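Here the structure comes first, spelled out in structure tokens, and everything after it is commentary.
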Amino acid sequence: MKFRIKMTLCMLALLSVLFGAGGSLLIAESFQDTLEREKDAAFASCRMVWTALQIVNGLDPYLDGDALARTMAQLYEQDRSGWAALRLRTDSSVLYNVETNASRLLQTAEPPIPGSCLFHIAQDLDGAHYLLLHSAVETSGDVLYLQTAHDISGLYTMRQGQQQTYLRIFCVLTLLCAALSYTVSKALTRPLAGLSQASRAIASGSFSSRAPVWSEDEIGAVSEDFNAMAAQMEETISQLHQAVERQERFVGSFAHEMKTPMTSLIGYAELLRSGTLTAEEQTEATGYIYSEGKRLENLSRKLLELLVLKQGDLPLAEVSPADLIGDLVERLRPLFAKIGVAVTSDCQKGVCYLEPDLTWSLLLNLTDNAQKALLGGGHIWYRCDMLPDGCRIQVMDDGRGIPPEALDHLTEAFYRVDKARSRKQGGFGLGLALCQEIAALHNGSISFQNRASGGACVTVELRGGRP
């Protein structure tokens with residue numbers, strides 16, 4: 001059952017209970033008030049009769065039965081509509097009686113105690129309702145009983161008419177309430193329908209679907225929370241897809257890197273097994289096997305370093321980045337001078353927490369990439385600035401720069417901007433991936449930009465803290 005139907009049924013149930021109970025109480029209260037007024041009127045008539053009997057028949061009027069009967073007849077003639085039945089009697093005889101349908105009801109009444117007055121409501125065989133009043137007065141000679149009946153069938157007819165009118169109004173209001181309740185419930189649950197539709201769309205794979213926010217109430221807050229959750233889930237799934245794509249590229253690149261040396265190893269091994277090579281050819285073949293084996297060894301070492309860096313949390317020591325870069329420049333300057341590459345540095349003095357061997361490896365990898373980007377000589381320079389929680393190292397060159405489409409993929413394993421050139425230069429595309437992991441171990445980051453004057457700039461922030 002839909003929620004809007006449940007809300008409608010609940011509203012109808014509340015209306016039925018509250019309106020039904022309220023209407024019934026109102027009708028009953030009105031009927032009771034009218035009945036009390038009828039009792040007051042009947043009691044007033046009874047007192048009037050006793051007073052008239054006393055006035056007309058003297059100080060002791062109850063001794064003359066004929067006089068009492070005449071007085072009763074006169075009173076009845078004066079107000080026929082006031083009594084449905086009228087009787088005056090003693091314990092032994094009836095002094096006056098008006099025979100009507102209600103007279104039989106008076107005969108069954110219990111006699112009251114002298115000086116008291118009793119009320120009864122009775123119904124005759126025709127369904128008419130009467131208010132019966134019984135009073136008694138003790139005289140010097142006997143006890144007189146006055147019995148009157150007043151037709152109150154109109155009260156019951158009026159109550160029945162009120163109940164029928166109330167029932168018709170109740171049915172109309174119920175139908176109206178059902179229509180309005182369903183309309184209001186549908187409007188209130190509309191955001192839930194949008195939320196459900198968005199949930200089904202996301203379940204079917206449309207992760208960009210969002211639930212409409214119709215209001216600022218609790219349902220609107222739930223819709224906003226759902227949208228925030230959907231956005232986070234979409235981002236997470238996007239990251240998972242990217243991770244899967246990177247893994248597929250990694251596996252494909254790794255298989256490709258393994259295929260070339262393995263093919264060479266198998267081919268030259270087959271030639272050696274054939275025994276048809278000359279001594280010079282055998283030497284050349286073993287040379288190829290050795291070089292391809294070293295290539296596989298270097299690949300395995302790089303992959304092992306990458307895995308160890310991803311799993312480890314290495315201790316840091318107090319190191320001067322300026323001294324570390326200075327030592328590197330002094331070692332590289334004579335080697336790079338032979339190939340026409342100038343190396344300089346501009347470093348701010350200071351000490352921070354670093355892992356010196358890993359930082360040295362990071363600098364070597366960045367330098368190796370910078371040198372490969374130079375075409376027939378050039379310039380590589382280093383810059384180091386101290387930060388409140390570490391240092392910032394920049395390695396710049398004036399080489400060919402980085403293609404814009406490659407900037408987001410440089411730290412992926414086996415990714416190479418120029419695949420042919422990198423293979424000739426012995427690279428695997430793992431250097432920058434190692435650099436990123438080293439920076440992560442120092443709570444830092446690595447970024448790449450092209451310089452406006454030409455070349456590239458790699459910025460590494462190492463935030464391992466400062467003493």
Side-chain angles (χ1 to χ4, degrees), residues 232 235-236 238-240 242-243 246 250 302-332 343-371 373 380-397 401-402 404 406-415 417 429-452 455-467:
Q232 182 63 38
E235 182 179 356
T236 301
S238 177
Q239 292 175 355
L240 289 175
Q242 294 175 4
R246 288 195 299 270
F250 178 90
K302 289 285 187 181
L303 287 174
L304 182 61
E305 290 177 1
L306 188 59
L307 292 175
V308 170
L309 288 177
K310 287 186 175 182
Q311 298 175 358
D313 184 12
L314 301 180
L316 305 180
E318 295 183 13
V319 177
S320 170
D323 294 343
L324 199 65
I325 294 174
D327 292 342
L328 178 65
V329 170
E330 291 301 322
R331 293 190 184 187
L332 294 178
V343 183
T344 58
S345 63
D346 178 15
C347 299
Q348 182 181 356
K349 295 295 183 180
V351 176
C352 62
Y353 289 108
L354 302 173
E355 207 296 318
D357 292 335
L358 290 180
T359 306
W360 184 269
S361 177
L362 179 144
L363 293 172
L364 282 179
N365 277 289
L366 295 180
T367 303
D368 182 60
N369 281 318
Q371 184 268 325
I380 299 175
W381 60 96
Y382 306 86
R383 179 181 176 86
C384 178
D385 297 312
M386 301 306 297
L387 302 175
D389 56 350
C391 63
R392 181 189 298 112
I393 299 174
Q394 292 179 303
V395 180
M396 296 168 280
D397 64 73
I402 305 171
L407 288 173
D408 295 333
H409 305 284
L410 291 175
T411 57
E412 295 179 10
F414 295 113
Y415 183 83
V417 177
L430 293 175
L432 293 179
L434 289 171
C435 292
Q436 185 183 42
E437 295 300 327
I438 293 171
L441 285 175
H442 291 82
N443 298 321
S445 61
I446 183 170
S447 59
F448 306 88
Q449 301 88 25
N450 283 314
R451 300 172 61 242
C457 173
V458 182
T459 302
V460 181
E461 290 187 354
L462 306 178
R463 299 181 180 271
R466 295 186 64 178

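No hydrogens, no waters, no symmetry mates; every other heavy atom, side chains included, goes into these values. Everything numeric in this text was worked out from a predicted model, so none of it was measured.
- At least one side-chain heavy atom of Cys352 sits less than 4.5 Å from a side-chain heavy atom of Pro321.
- With rounding to the nearest 0.5 Å, the separation of CG in Leu354 from CZ in Arg466 is 10.5 Å.
- Atom CG of Leu316 is separated from atom CG of Leu441 by 8.5 Å, given to the nearest 0.5 angstrom.
- No side-chain heavy atom of Cys384 sits under 4.5 Å from any side-chain heavy atom of Gln348.
- Without hydrogens or angle criteria, Gln394 side chain to Arg383 main chain gives no donor-acceptor distance under 3.5 Å.
- Across all non-hydrogen atoms, the minimal contact from Met386 to Gly350 is CE-C, 3.8 Å.
- In this structure, the separation between CH2 on Trp381 and CG on Asp397 is 7.5 Å, given to the nearest 0.5 Å.
- The CG atom of Leu462 lies 11.5 Å from the CD atom of Glu355; values are rounded to the nearest 0.5 Å.
- Of all heavy-atom pairs between Leu366 and Cys435, the closest is CD2-SG, 3.9 Å.
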Evaluation steps, side chain to side chain contact (heavy atoms under 4.5 Å, CB included), between Tyr353 and Glu318: CA-CA 5 Å; Tyr353 289 108; Glu318 295 183 13; 3.5 Å; yes
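- A pairwise comparison of heavy atoms in Leu363 and Thr367 identifies O-OG1, 2.6 Å as the closest pair.
- With sequence neighbours left out, Arg463 forms a salt bridge (Lys or Arg N to Asp or Glu O under 4.0 Å) with Asp389, Glu461.
- With hydrogens and angles ignored, the 3.5 Å screen pairs a side-chain donor or acceptor of Asn450 with a backbone N or O of Ile402.
- In this structure Pro388 satisfies the side chain to side chain contact (heavy atoms under 4.5 Å, CB included) test with no other residue, sequence neighbours excluded.
- The line from CD of Gln371 to CD1 of Ile380 is 6.5 Å long, rounded to the nearest 0.5 Å.
- At distances below 3.5 Å, at least one donor-acceptor pair connects side-chain atoms of Asn365 with backbone N or O atoms of Ser361.
- Within a 6.0 Å radius of CZ in Arg451, other residues, nucleotides and ligands contribute more than 12 heavy atoms.
- Atom OG of Ser345 and atom CD1 of Ile325 lie 7.0 Å apart (nearest 0.5 Å).
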Steps toward side chain to side chain contact (heavy atoms under 4.5 Å, CB included) verdict (His442, Thr359): CA-CA 10 Å; His442 291 82; Thr359 306; 3.9 Å; yes
